[in-house]
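Only one structure is covered here, and it is reproduced in the block below.
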Amino acid sequence: MTTNTPQNRATSRYAFKEAEARWQTAWEDGGCFVAEQDPNLPKYYVLEMFPYPSGRIHMGHVRNYTMGDVVARYKRAQGYNVLHPMGWDAFGMPAENAAIEKKVHPAEWTYANIDTMRRQLKMMGLSIDWSREIATCHPDYYRHEQKMFLDFIDAGLIDQREAWVNWDPVDQTVLANEQVIDGCGWRSGAAVEKRRLSQWFFKITEYAQELLDALDTLDRWPDKVRLMQANWIGRSEGLRIEFEMEGRDEGLEVYTTRPDTIFGASFCAISPEHLLAAELAEGNAKLTAFIEECGRRGTSEAAIEQAEKVGFNTGLKVKHPFILGKTIPVYVANFILMEYGTGAIFGCPAHDQRDLDFARKYGLDVLPVVVPEGQNDFTVGDIAYTGSGKLANSEFLDDMDVEAAKGEIARRIEATGSGKREINFRLRDWGISRQRYWGCPIPIIHCGDCGAVPVPTEDLPVELPEDVSFDRPGNPLDRHDVWKNVDCPKCGKAAVRETDTFDTFVDSSWYFARFASPQADLPTDRAASDYWLPVDQYIGGIEHAILHLLYSRFFSRAMKKTGHSGIEEPFAGLFTQGMICHETYTTTSGDWVEPADVIEGDGDALIHVETRAPVTAGRSEKMSKSKKNVIDPESIISTYGADTARWFMLSDSPPERDLDWTESGITGAWRFSNRLWRLIAESADALPPVRTGPDDSSNSELRRAVHAAIIGVTQDLEALHFNRSVARVHELVNALSDADAAKDGAALREGLETVTLLIGPMMPHLAEELWQILGHDQLVADSPWPVADESLLVQDTVKLAVQVRGKMRGTIEIPHDADESTAEQAALALPTVTAALDGDEITKIIYVPGRIINVIH
RNA sequence: GCGGGCGUGGUGGAAUUGGUAGACACGCCAGAUUUAGGAUCUGGUGGCGAAAGCCGUGGGGGUUCGAGUCCCUUCGCCCGCACCA
């Protein structure tokens, strides 16, 4: 203790380094944040998306974990039994890239990163139960994942089939979509090919309807995330139609959501991956080349849809089902997805933009069959018409609206037996096979006789072999003969292990459940998970709005079906935070410059600190290493302290929006924390002693400010509006700074104690320090949240805005329960009002008690 | 291409959800003070105007007694798109 004599307090600044370390030790020694199951206490499970151990924490982590920590500490103060754990999403490609580039084993690299990042997170003073830490790359974690996979197989939730991948012929490896740049492998530069590989799938599509319906129950999720998931699931009601093909026995099955436009059909198109395309390509070199060319695109939907729409006329024709004698050409087209519907469509160019682009390119007919109300001479140019209207050029459908026409076509098609109504989903099954080393091994053994045989439970875990090298292309598991070659568990013959590993999304789809019982022998301890689950507040980046969250929702259902859990929805509350941005700097030659290397030269011009070359400030962008606009959290915490960093993260920017990192922002937070420390350290000795009984303080104005702040901060924290709670704390501190310790001692003590408790979740170290200075022995971490005395907030009079014809003309102060005539009289007595009326007759007066009075003339 | 979001002073943002636009903070201006500190304190600060006042929430239009908030339209920027995590 160095700061506790009055002299020191008055003259020194807050010694954050020493204090933060001291309070972190106090929390740890007291076991403050160790969560224990207690059925008598209401639980609250706060979880932030766990980090990938990429090396060091970044500002996005600081923001994410600060917000979660505020919620955790606030809920703890409110009397909840809080679970707030931390772990590592530790499998993934960067570890393998490091192995290739830096010759370090993925495990070694990963665990070293975890050590660094754990140490950095601990510097932040988070209220985390570190005894529950898990890492997904540890066999103690992934053995349970393998067990659940086997249970999922038994429950019929798993499928094995072929699927397309991006293949790099030089690196002999499968590429992620992000590794395909302009159709070439990111490392080798070789043209990417598409290959079909046998892969494992989770049958998430069986839950499509349920996952869609249950979105309505997630009332503490952002609407936009629910909407994005609903669109992703993409339920559509349409019609499957079989067209007769000329000169062939079998028909062509297409799926359409616009059967009403069938009279406008001018072509059919099938996916390059369609079986018919493959059949026609045999002995047709041109078509084969076309299909191969399509295969050189990436597999991503964005790449497919953005590519210019091209097709290949197969020469085949189908018969129009309703126009006798009319035939329609069949194309193979690059924009048809095999995964959706039947992999074949009929194109009606007038009413679908993609079809229109295609038709214009190949000179196909564009016949409008839906005409907007009142436009009889309607034609389509370069923009397809997708709105409502009346059917035209469509024989028996003419003059119907779109919905009626859809129904009529469906009825007629079904009557002929050439098709049926069908509900389709855009959602595809979740392919989980990854041809990589650093992931959870898929516990399957392939036997020539028995096929794919699950590894028996007693043989789990299937551990990754450690003696692997990355000096050759391809998956090291594939060439690890000792690990790979095993006996078939069924028949005992020589067999080989599955060398694919799980998608890392599998790891992150159930970690929240593992935190409830991280040491359990089974994947979950049901008593623990039944108590703690679901997660009450989940916090993370918007970039996970779809995949991670949807997969976790599926996994919860699968775990319920297999008895591993009792819940369907994993995350009762969800909050998605914005990103951290920073100004970018470039030299005249366009190279990025780190903020730390930029200084002001002569005048205001920016220059490079060493080369003195001129530097241009660019727009603020998401912090990224490639743009060199990152600020290292550890250096910020060392310089300003964890509390200052946390306070800045919470200030100003609404948490769901992007936050601009600025030097002035962090120094502003730094000054505020010192100002608050000084305010309390300097007045502590002049205050009356710690209260023991009811408050009898007299300064009601000050007390009103204090209790209004309690209500405001509580509401704002409850709504996760951290920036507003920060503003309210500022307001309270401003009010307290104006108070006189000699005159309003008791009220001031109440106010200072209150503000200390209110900042507790946000600046926990400083709060402990101030609480001690104010004479308390107990930790803030163990203290209850302040409760407002609402009776102090009742005011006798209210200030009312007075408008004349909606224009603000002044204010009046009247009793809060004043009747209309009192308010009117007061309003009309205002000189600004009489001036604005200018003698006109009043036609109407609108009086909204407590809000406004509006005089109309 | 499809889907989603955002736009308010010099800056970050606030606005009880249709009722006094700009809380709070940064910056800036003026002053004070000093143990010269990553200072502190006091006052001012949306724009135009001497003032009265007028104008102001990306642009245009509409609904309403009243619109930052609701509707239509338009522009700009950002995010996601299934093997990144």
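Convention: sequence-line order gives letters A, B, ...; per-chain numbering from 1. As the structure is a computational prediction, the values presented were derived from the model and not from experiment.
- Straight-line distance from the CG atom of Leu215(A) to the C1' atom of G4(B): 14 Å, rounded to whole Å.
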Taking N or O atoms only and anything under 3.5 Å, show me the protein contacts with nucleotides 43-45 of chain B, one pair per line.
none

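- Residue Arg671(A) has its side chain nearest to U40(B) when only A14(B), U20(B), U40(B) are considered.
- As judged by a 4.0 angstrom heavy-atom cut-off over every strand, Arg728(A) is placed among residues making no nucleic acid contact.
- Across A14(B) and G22(B), the matching P atoms stand 15 Å from one another, rounded to whole Å.
- Rounded to whole Å, the P atom of C84(B) lies 46 Å from the corresponding atom of A39(B).
- For the pair His721(A) NE2 and A14(B) P, the computed distance is 8 Å after rounding to whole Å.
- In terms of polar N and O atoms assigned as donor or acceptor, the side chain of Asp652(A) comes within less than 3.5 Å of the base of G12(B) in a complementary pairing.
- Within the 6.0 Å centre-distance limit, the rings of Phe648(A) and Trp661(A) are counted as a close aromatic pair.
- With both ends at atom C1', the span from C55(B) to G5(B) equals 31 Å, rounded to whole Å.
- Contacts of Glu96(A) with the nucleic acid, taken as non-hydrogen atoms under 4.0 Å apart, are absent.
- Put simply, Arg657(A) has a side-chain N or O that comes within less than 4.0 Å of OP1 or OP2 on G7(B).
- As rounded to the nearest Å, U8(B) and G13(B) have C1' atoms that lie 9 Å from one another.
- With a glycosidic angle no more than 90° from 0, G9(B) adopts the syn conformation.
- The nucleotide U69(B) finds no pairing partner, because no Watson-Crick or G-U wobble arrangement with both distances shorter than 3.5 Å includes it.
- Side-chain atoms of Gln435(A) and Asn475(A) include no donor-acceptor pair closer than 3.5 Å.
- Asp357(A) comes within contact range of no nucleotide atom at all, as no heavy-atom separation falls under 4.0 Å.
- Base orientation for U17(B): syn, the chi torsion being within 90° of 0.
- Between Phe50(A) and Tyr511(A), the ring planes lie parallel to each other; the angle is under 30°, not in the 30° to 60° tilted range.
- Pairing of U40(B), defined by two Watson-Crick or G-U wobble distances under 3.5 Å, is identified with A32(B).
- Taking the P atom of each, U57(B) and G9(B) are spaced 9 Å apart, rounded to whole Å.
- Of all nucleotides present, none satisfies the Watson-Crick or G-U wobble test against C84(B) with each distance under 3.5 Å.
- Going from the P atom of G7(B) to that of C70(B) covers 11 Å, rounded to whole Å.
- Across every strand in view, C6(B) sits in a pair with G76(B) that passes the Watson-Crick or G-U test at under 3.5 angstrom.
- In Lys203(A), the NZ atom is crowded: over 12 heavy atoms of neighbouring residues, nucleotides or ligands sit closer than 6.0 Å.
- Residue-level contact check: Ser653(A) touches the backbone only, with heavy atoms under 4.0 Å from sugar-phosphate atoms and none from bases.
- Within the 4.0 angstrom heavy-atom criterion, base atoms lie near Tyr640(A).
- Where Ser737(A) and His730(A) each meet RNA chain B at their nearest nucleotide, the meeting point lying more 5' is that of His730(A).
- Distance, Glu731(A) CD to A14(B) C1': 10 Å, rounded to whole Å.
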Sugar-phosphate atoms are those with a prime plus P, OP1 and OP2; base atoms are the rest. Using that split, label each nucleotide of nucleotides 63-85 of chain B B, S or - for protein heavy atoms under 4.0 Å, 5' to 3'. --BS----------SS--BBBBB
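- For G80(B) and C65(B), the C1' atoms lie 44 Å apart once the distance is rounded to whole Å.
- Contact between the side-chain N/O atoms of Asn723(A) and the OP1/OP2 oxygens of C24(B) is not found at any separation under 4.0 Å.
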Pair Phe16(A)-Trp670(A), side-chain contact (heavy atoms from CB on, under 4.5 Å): steps then yes or no: CA-CA 11 Å; Phe16(A) 67 85; Trp670(A) 157 256; 3.7 Å; yes
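- Atom CD1 in Ile114(A) sits 11.0 Å away from atom OG in Ser54(A) (nearest 0.5 Å).
- Within the shown strands, A25(B) is the pairing partner of U11(B) under the Watson-Crick or G-U definition, both distances less than 3.5 Å.
- The distance between atom NZ of Lys309(A) and atom P of G1(B), rounded to the nearest whole Å, is 9 Å.
- With no hydrogens or angles considered, no side-chain donor-acceptor pair links Asn629(A) and Thr584(A) at under 3.5 Å.
- For the residue pair Ser673(A)/Asp643(A), the side-chain donor-acceptor check at 3.5 Å is not satisfied.
- Distance, Leu679(A) CG to C41(B) P: 10 Å, rounded to whole Å.
- When heavy atoms are screened at a 4.0 angstrom cut-off, Asp660(A) is found touching no nucleic acid atom at all.
- Ring orientation note: the planes of Phe505(A) and Tyr551(A) are nearly perpendicular, at an angle over 60° on the 30°/60° scale.
- Ser508(A) comes within contact range of no nucleotide atom at all, as no heavy-atom separation falls under 4.0 Å.
- Between the side chains of Trp200(A) and Glu498(A), at least one donor N or O sits under 3.5 Å from an acceptor N or O.
- Remark: G46(B) base-pairs with C55(B); criterion is Watson-Crick or G-U wobble with both hydrogen-bond distances under 3.5 Å.
- Taking atom C1' on both nucleotides, U34(B) is separated from G19(B) by 49 Å, rounded to a whole Å.
- Remark: P of C26(B) and CH2 of Trp647(A) are 12 Å apart, rounded to the nearest angstrom.
- The interatomic distance linking Gln353(A) (CD) with G3(B) (P) rounds to 12 Å, in whole Å.
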Go through Ser552(A) and His544(A) one step at a time and tell me if the side-chain contact (heavy atoms from CB on, under 4.5 Å) criterion holds. CA-CA 11 Å; Ser552(A) 298; His544(A) 293 292; over 6 Å; no
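- Ring orientation note: the planes of Phe502(A) and Phe202(A) are tilted relative to one another, at an angle of 30° to 60°.
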